[in-house]
Amino acid sequence: MKFTLKVWRQPARDKPGRFETHEVSDVSPDTSFLEMLDILNNRLEGESKSPIVFDSDCREGICGACSIVINGRAHGDGEGTTTCQLYMRNFKDGETLVLEPFRARAFPVLKDLVVDRSAFDRIIQAGGYVSVNTGAPQDANALPVPKVNADLAMDAAQCIGCGACVAACKNASAMLFVGAKVSHLALLPQGAVERERRVLSMIEQMEAEGFGNCTNEYECEAQCPKQISVSNIARLNREFYRAKARE
Ligand code: FES
């Protein structure tokens, strides 16, 4: 297969960027998207040119590092897929692919396709944890959790913090990410002790980082590789008002 890549190149955070065009050919349909970039980078290095900088770690859809906007969609067009889980057979032979970083004021570009997503880390540090001593592992039935809550908590826990929700949103809102993290803990007994403090601190940090507000566009859910539901944003709002009422 053959592709034309228009790739965003930006040498540093404070330097202007531009699109650079590259042709790649003889690509096997079973090559993953990141392997295709590896092949291109090997060629660029062989020509003593600077390779395209992109992020990846697990390459198994787990870590959320591979954040690339492909043809205007975070992680490309595949439903419920990270960039590393895309294969070139998902694209048309001869297609032109436009590659951009996850763009948001709170995610400054570090280089080419890599952005600084430490804003998410600081939101987690503000309250996305359980700090009470929950003791040794208990017998599975000793701490009853309603099945519906357990399922919703596990659905929310699938969030890998990739930032696709922010990149997809016209407001660069992080409310799906924060909603998933708050929901995960608010639905379980272990998260109950710090429930109010957690949601207030995480929302305060989210706003301090410069993320926008949700205006119910649903793009975040549509482009989330883990298909996290926007119902988590509704729960985030309920948790926030509940905490405010108890202040
Ligand atoms: S590299 Fe880990 S999710 Fe893609």
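Atoms within each ligand, like the ligands themselves, are counted from 1 in listed order.
Applying the side-chain contact (heavy atoms from CB on, under 4.5 Å) rule to T31 yields the partners V27, S28, E35, M36, I39, M88; only residues at least two apart in sequence or on another chain are considered. By the ring pair (Phe, Tyr, Trp, His ring centres under 6.0 Å) test, F19 is found to be paired with W8, residues two or more places apart in sequence or in another chain being considered.
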For a quick test of your reading: what N or O donor-acceptor pairs under 3.5 Å do the side chains of residues 126-133 make, sequence neighbours left out?
from : atom 1 : to   : atom 2 : distance (Å)
S131 : OG     : E194 : OE2    : 2.2
N133 : OD1    : G135 : N      : 2.8

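Panel note: side chain D151, backbone V148; no donor-acceptor pair is recorded below 3.5 Å. Under the 3.5 Å distance criterion, the side-chain polar atoms of R117 are matched with a main-chain donor or acceptor of C162.
For atom 4 (Fe) of ligand 1, protein N, O or S atoms under 2.8 Å: 2 in total.
T215 and N171 share a donor-acceptor pair across their side chains, judged by distance under 3.5 Å alone.
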